[in-house]
Amino acid sequence: MAVVFQRPHALTDAPFHYCPGCTHGIVHRLVAEVIDELGIEGKTVGVASVGCSVMSYDYFNCDMVQAPHGRAPAVATGLKRARPENVVFTYQGDGDLAAIGTAETVHAATRGENITVIFINNAIYGMTGGQMAPTSLPGQVTQTTPYGRDVKTAGYPIRVCEMLSTLDGVALAQRVTVDCVKNVNIAKKAIRKAFENQIAGRGYSIVEVVSTCPTNWGLTPKEALEWLRNNMLPYYPLGVYKDVAPEGGAK
Amino acid sequence: MPEKVLMKGNEALAEAAIQAGCRHFFGYPITPQTELAAYMSKRMPKVGGTYLQAESEVAAVNMVLGAAAAGVRAMTSSSSPGISLKTEGISYMAGSDLPALIINVQRGGPGLGGIQPSQADYWQATRATGHGDFQILVFAPSTVQEMVNLVSDAFDLADQYRMPAMILADGMLGQMMEPVALPENSGKTLPEKPWSASGHHGERKHNVVNSLYLTPQALESLIRDRFHRYEVIREKEQRAEEYLTEDADVVLVAYGASSRVARSAVEAARENGIKAGLIRPITLWPYPVDAIERAIPTVKAFLSVEMSMGQMVDDVKLAVNGRRPVYFYGRTGGMIPTPNEVLEEIRKIAGGM
Amino acid sequence: MDHLHLILAGFGGQGILFAGKVAAYAGLFDQKEISWLPSYGPEMRGGTANCSVCISNRPIGSPLVVNPNALIVMNRPSLDKFAGAMVPGGVAVVDSALIDKKIDRADVTAYYLPATSMAEEHGLRGLANMILIGKLFRETSFCTEESLWKAIEKCVPARKAEMLGLNKEALRLGMEYQG
């Protein structure tokens, strides 16, 4: 019988702990498929960051290091500088990357640190139970913005790809989502390119995945995707914000 | 025997680390340790190593964590306020059983404090270089030559026991020059690190370097294992120098810069007919309780001499456990005690016996 | 001299630390125990600079000299700060071109020489420090002469080789100064 669908080798058989409708699972799978396709599992080291995805070290089959909150880019820098022949990626959420680890993110990017960054932006803190994230939308109700995010007191959300695209060290800054088959395919191409850039030595590549958190948004999985399309995508437009090798990427 | 050269303590630490096989240094400038980073920035490119000036001490220590996880010898250095920032990473490294070297060239605190030499980070180094139940190895050199010697020992023991090691120096030792004979690169092969996240190359299961354990039973059991290792270290790795202690009535206990002052005071006391001696801890963790124990039968009193308001004196008291009086003399805020001040304390104690 | 506890003090830029290093290396070449400890930090930038040098037959305790038995001073604040701390019988060498004050103590020996003007007159600008070291050597023999010449050769970096002769000339000037 022909196998038409199977678990990528780069994923372990540990069952995901993610909530129903959470897009972490899809993104994990895309990363794993890319690792398989590029044949790099044996020399890939992933950095798990604090947040819902911290236990991704149990899901990816490559070597994994768990970093302190926000420090994944620094840990990845150490891993990559120690063994430049390896492929190093971080998998970070919005709190990790754009709040507590903003300095590490900006400086790894501006150094052109030759790493791949997968950035999950779901506009909320998932693991701690639904508090405001740096990317929570104006007016968005969270546990710590019970009357909606008031930009006068809580400030504005950060658009990470736009910000990082101003830095010379960045090779790729692309925002994608995984709400439908078409967008999943685009996301996979972007992730693949972010890994290929590293193999080609092009510098810091970040793929921001606009994601859902049905549990903490208080929506069903289907409603969550609707909410993402209607609220997040207008604020966080999909697209390529920087690409130093528009032709030289995926074949 | 290599020719002796004059080197600043900070530069000697850096060169010694390179000789010990360290090729990855991540730092951030702070007085009075900056010469160490500057030396590394000059030397590392010439030996095919990495020098990286991080955006903060926090980033630097986490780069060390990453490099250590990849299985190489990595280090960072800073001074007191910067070490506070590094404590997060040190705790994570201890919790992930990662070996690395951290150097603290202490200055006066708390807060921004001052920039003159101090030993006020003793509690931090030996009790709490971060949150959680853990210890790190702590070495306290008192000469530039000893700084050189302890660097390779610190790396070796950190690797052997899979834990972070610290060299607790101070502004005086970092800034002063003394003659040193640098070790020739021993060329010894560094230990294999089969646990490292260096890529499994299809030859083994994936390695995970991690400090997260959500089930309390698992975490407790892991920590208990680690503490069994600490017990072995307490038994095997204590180091201290005992100077004129055999017949001493008053034994001073001092490490690092203050031990140099204490030694001068002991000699002056002997010239004045007072039988004084010195125990100089070389490891601060594990604390050299055996050396204290050896002195107890003959000694009448102990005097801890520190450049702090009295931190190590706690460990002296724990070791003495009430069997002899333990006195303290210290200067703080960047002040260095003089031998005469210490001699005066010795006189007072000897006079009261 | 059995042990030298030297303080060199002046303004940043006068070569105080360098002069201390030359003295320290001379001790090293004599197979003595030595230490060199600078003042450091913001005060170095244009402010006062000083350094402690110990040369001894025995291991050196505190490298911080509190009561010097030898003193080289190149500005008035340093003379005010350190002259009173000298041990009885100590030797002070004072750059009288920069300091118009005398040391008001009968129990120390002070030598006054206008090192900065001497350096200017001999085309040795910036080398008053070496003139003063030369004078200290002449009056105390804190090291052997052979080691002192060796030390200056060691301390002048190869990329400034042209400075070596000038440094030696300055040392000689100090050694030969009468008064």
Side-chain angles (χ1 to χ4, degrees), chain B residues 3-10 30-35 79 105 107-108 114-117 142-146 170-181 241 243 254 256-268 278 280 305 307 331 334-343, chain C residues 2-3 5-8 16-45 47 49-68 85 87 143 147 150-157 159:
Chain B
E3 190 200 355
K4 281 196 173 181
V5 288
L6 284 184
M7 272 184 112
K8 275 194 162 195
N10 283 335
I30 183 171
T31 306
Q33 69 79 51
T34 302
E35 292 84 0
S79 178
V105 184
R107 56 189 253 184
I115 57 168
Q116 295 304 317
S142 71
T143 65
V144 177
Q145 183 67 57
E146 195 174 31
D170 60 70
M172 179 198 273
L173 291 165
Q175 292 294 326
M176 72 185 286
M177 283 202 290
E178 281 186 315
V180 280
E241 181 192 354
Y243 177 63
S258 59
S259 74
R260 304 177 63 116
V261 179
R263 185 187 303 267
S264 298
V266 163
E267 286 168 0
L278 170 69
R280 180 174 72 83
V305 179
M307 280 144 58
R331 298 293 301 269
M335 295 299 295
I336 298 168
T338 66
N340 277 339
E341 290 167 21
V342 179
L343 176 61
Chain C
D2 187 35
H3 57 265
H5 287 174
L6 168 66
I7 288 179
L8 306 96
I16 292 292
L17 303 186
F18 180 83
K21 192 172 163 185
V22 171
Y25 256 112
L28 178 64
F29 290 136
D30 282 342
Q31 312 293 324
K32 301 280 188 76
E33 304 283 342
I34 71 105
S35 69
W36 173 98
L37 177 71
S39 57
Y40 61 86
E43 64 175 20
M44 296 289 291
R45 313 200 212 302
N50 69 73
C51 110
S52 295
V53 175
C54 298
I55 303 178
S56 176
N57 290 319
R58 293 166 60 191
I60 289 155
S62 175
L64 178 71
V65 175
V66 182
N67 301 116
V87 297
C143 63
S147 291
K150 230 172 120 185
I152 192 73
E153 280 165 20
K154 178 83 186 176
C155 292
V156 176
R159 65 189 148 78

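Atom set for the values below is all heavy atoms of this structure, side chains included, hydrogens, waters and symmetry mates excluded. Throughout, protein chains are lettered first and strands after them, A, B, ... in sequence-line order, and every chain is numbered starting at 1. Note that this is a predicted model, so its numbers are computed, not measured.
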So, for C:Ser62 and B:Ser264, which heavy atoms are closest and what is the spacing to 0.1 Å?
N-OG, 3.6 Å
Given the rule in the side-chain contact (heavy atoms from CB on, under 4.5 Å) test, do B:Asn340 and C:Val66 qualify, once you have shown the distances and angles that lead to the verdict?
CA-CA 10 Å; B:Asn340 277 339; C:Val66 182; over 6 Å; no
Side chain from CB out, backbone as N, CA, C, O: work out which of these in C:Lys154 comes under 4.5 Å of a heavy atom of chain B, or both, or neither.
side chain
Go through the atoms of C:Ile34 and report whether side chain, backbone, both or neither lie under 4.5 Å from a heavy atom of chain B.
both
With rounding to the nearest 0.5 Å, note down the distance linking CG in C:Leu64 to OG1 in B:Thr338.
9.0 Å
Closest heavy-atom contact between B:Pro32 and C:Tyr40?
CB-CE1, 3.4 Å
Could you tell me which portion of B:Val5 (side chain, backbone, both or neither) has an atom closer than 4.5 angstrom to a non-hydrogen atom of chain C?
both
Per-residue tally against chain C (heavy atom, under 4.5 Å) across B:Pro339, B:Gly9, B:Gly171 peaks at B:Gly171
Scan B:Met176, B:Met177, B:Glu178, B:Gln175 and name whichever one has a side chain to side chain contact (heavy atoms under 4.5 Å, CB included) with C:Trp36.
B:Met177
